[in-house]
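Chain A is the first sequence line, chain B the second, and so forth, proteins listed ahead of strands; every chain is numbered from 1. Not measured: the values here are computed from a predicted model.
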Amino acid sequence: MRLSKLFAPTTKEAPKDAVLPSHIYLVRGGFIAQIGSGIYNYLPLGKMVLDKIRAIVKEELDNAGCQEVLLGFVTPYELWKESGRSEKFGSELLRFKDRKNNDFVLGPTHEEAMVDLVRNRVKSYKQLPLHLYQINTKFRDEARPRYGLLRGREFIMEDGYSFHESVEDMQREYALMEKTYSKILDRLGLRYRAVEADSGAIGGSGSKEFMVLAENGEDDIVICEKCDYAANIEAAKRAKKGVSNEEIEMTPGDFHTPDVRTIDELAAFFRIDPGHLVKAVAKKALFEDHEEIVLFFLRGDDTLQETKALSVTGALELTDATEEELEKAGLIPGYIGPEAENVTKYVDQELKDEDLMICGANRAEYHSVGYSFEGKDFDYRDLVTVKEGDICVKCGSRLTLTRGIEAGHIFQLGTTYSEALGATFLNRNGKAEPFVMGTYGMGVSRLMATIIEQHHDDKGCIWTEETTPFEIMIIVSNSKNEQQRVFAEKLYEDLRAAGKSVLLDDRNERFGFKISDFELFGFPKAVIVGKGLAEGNVQIVQRKTLEKEDVSAETVLEKLMES
RNA sequence: CGGGGCGUAGCGCAGUCUGGUCAGCGCACUACCUUGGGGUGGUAGAGGUCGCAGGUUCAAAUCCUGUCGCUCCGACCA
């Protein structure tokens with residue numbers, strides 16, 4: 001390809017809303033262009049990268065025995081009603097009507113569509129297992145699209161669905177997919193961790209996320225310093241930390257604590273470590289048909305993990321409760337304690353059997369001192385947000401926090417959807433049973449941005465060998481120089497004949513302009529055909545290091561063919 | 001969903017408060033000259049119903065109303 005003919009509009013300036021390297025460089029380098037909020041066009045260079053990622057994903061999945069299909073991007077709304085998930089997905093699900101007034105959605109994921117495809121077509125255990133996947137456009141009407149390709153509304157994703165006759169076989173496939181996804185990310189040249197995850201709106205039991213490590217990631221992940229434990233902050237567990245009760249003396253009873261309502265105030269008032277306090281977090285839980293106040297009790301120095309909290313309540317959503325709402329429920333804000341009555345309560349497991357605590361007395365201006373959880377039959381759950389320095393449940397070492405970008409997610413789904421949609425097969429005993437399913441997803445367009453988040457410098461992109469649009473760029477330093485031009489043309493033809501993907505910068509521009517574009521594009525290497533040619537030399541530049549190496553013009557072709 | 005901001009040339013912006021002399025700047029683009037190893041310098045050009053609709057006025061980019069779009073912080077987010 002000749003750069004003079006390539007549609008790759010590079011710019012010096014980035015869009016004003018672009019803050020992340022991947023967003024800035026992909027737009028500046030002419031890989032992508034925004035057309036609407038959270039919707040991007042892929043220009044030739046971007047499309048090339050996308051195709052490469054896609055090809056790697058396909059190759060590895062096919063090797064693992066999966067079969068590619070392509071489902072309609074538009075899905076009848078009927079299927080979403082059938083699975084009961086239309087409510088849960090809420091306004092992220094883009095609905096519309098056709099001319100006959102029938103309802104449709106733009107697919108944000110395709111569990112329903114895929115189950116529909118398989119039900120009544122796969123009827124026997126003899127046809128299982130089956131793993132179908134597609135690489136298709138998805139649409140989620142994000143409340144707030146941002147960060148370029150990392151959080152768009154329209155995006156490209158690989159989504160796979162496997163069908164099994166037993167949980168064991170599904171788990172075998174799940175393990176296979178963990179390996180397969182790892183292979184894909186390895187080939188893409190990414191640093192990542194597979195972490196324990198919350199299963200969220202999709203339902204199901206076990207799930208793991210593939211987190212590409214990046215400072216700009218939107219997810220907090222917890223990693224053990226010693227062992228292989230890693231988890232999304234939403235799902236991360238920790239060992240019970242406890243609090244020393246030495247040198248603590250308390251006379252049990254209610255204590256007058258006027259205007260002492262927060263944990264900080266309470267700790268200061270009693271001159272005590274917040275670990276000895278009981279924090280009450282009140283939320284309003286919204287269910288399909290009603291709403292109610294729910295209380296969560298934690299150690300004073302812990303914070304509530306809302307995802308865990310939501311999951312224990314089984315509600316659709318948790319929102320902050322106002323003081324009026326609390327009072328209406330018979331609670332006294334600032335003085336709520338575990339003995340509160342007529343309200344749903346959950347207590348963090350950390351507090352089980354703890355003694356010598358201070359908590360709200362459920363009456364105005366009083367706290368209970370010397371409170372004990374021993375023998376108290378509360379609903380103990382894991383509710384806390386793990387902090388840096390907490391203790392690993394697996395090995396007892398220290399946990400650290402880092403950030404990541406979710407690139408993939410695998411789920412042990414079970415029978416949730418096959419049951420809801422009535423998808424069954426005949427088992428070995430001739431009885432109808434719902435399929436046991438697994439579901440797997442990998443964000444193809446997001447990976448493109450992710451690669452740049454991890455591989456860039458202050459000049460632009462740095463593509464990996466497996467993802468670069470072109471292997472080599474040839475820069476003619478002075479296109480008015482006939483000798484340079486002719487040599488570059490010859491080298492270009494020779495490399496192409498040898499099967500290399502080459503981009504020839506034949507534009508009538510100055511050297512600085514061209515080398516800057518090369519750095520912005522980020523192809524692995526460039527050959528500079530410049531003034532050294534008079535002495536029989538050209539240069540090879542490595543994009544990653546920006547190191548230039550003089551090479552004799554006669555051997556440069558050979559040299560380039562080696563790598 | 002709560003709270004802000006912005007729509008003026010392909011991109012980034014000034015002009016709006018105080019209506020008329022206001023269709024402007026930088027980059028990019030076209031032609032010619034110049035330069036030729038880190039976005040060279042110059043001359044001459046092309047390009048905009050000032051997001052859209054309505055209103056006020058002798059007069060609207062500017063004031064009013066509505067509407068659409070984009071965006072930032074937060075909430076939310078397989």
- Query: Looking across every strand, which nucleic acid part, if any, lies under 4.0 Å from A/K548 by heavy atom: base, sugar-phosphate, or nothing?
  - Reply: base
- Query: How close or far is atom C1' of B/U35 from atom CD of A/E509, stated in whole angstroms?
  - Reply: 13 Å
- Note on the structure: Closest of B/C70, B/U40, B/C6 to the A/R510 side chain is B/U40
- Does the side chain of A/N478 pick up a donor-acceptor pair with the side chain of A/Q484 at under 3.5 Å? no
- Message: Under 4.0 Å from OP1 or OP2 of B/U71: is there any side-chain N or O of A/S37 that close?
- Response: yes
- Base B/G37 to side chain A/Q484, donor-acceptor N/O within 3.5 Å cut-off: no
- Query: Quick one: A/D517 CG to B/A28 P, roughly how many Å, whole number?
  - Reply: 12 Å
- Message: Using whole Å, what does the distance between atom C1' of nucleotide B/G38 and atom CZ of A/R507 come to?
- Response: 14 Å
- Closest to side chain of A/E13, choosing from B/G26, B/C1, B/G37: B/G26
- Is there a donor in the side chain of A/N136 and an acceptor in the side chain of A/Q134, or the other way round, less than 3.5 Å apart? yes
- Given the rule in the salt bridge (Lys or Arg N to Asp or Glu O under 4.0 Å) test, do A/K328 and A/E325 qualify, once you have shown the distances and angles that lead to the verdict? CA-CA 5 Å; A/K328 225 174 119 191; A/E325 286 165 334; over 6 Å; no
- Item | Nearest listed nucleotide, side chain of A/S477, among B/C77, B/G12, B/G37 | B/G37
- Query: For A/G441, which contact category applies under a 4.0 Å heavy-atom criterion: base, sugar-phosphate, or nothing?
  - Reply: nothing
- Task: Would you please confirm or rule out a distance under 4.0 Å between OP1 or OP2 of B/U71 and any side-chain N or O of A/Q34?
- Result: yes
- Message: I need the CG-P distance between A/D17 and B/C70, as an integer number of Å.
- Response: 11 Å
- Counting Watson-Crick and G-U wobble pairs only, both distances under 3.5 Å, name the nucleotide matched with B/U43, or none. B/A31
- Atom-pair distance (CG on A/D141; P on B/C76), nearest Å: 18 Å
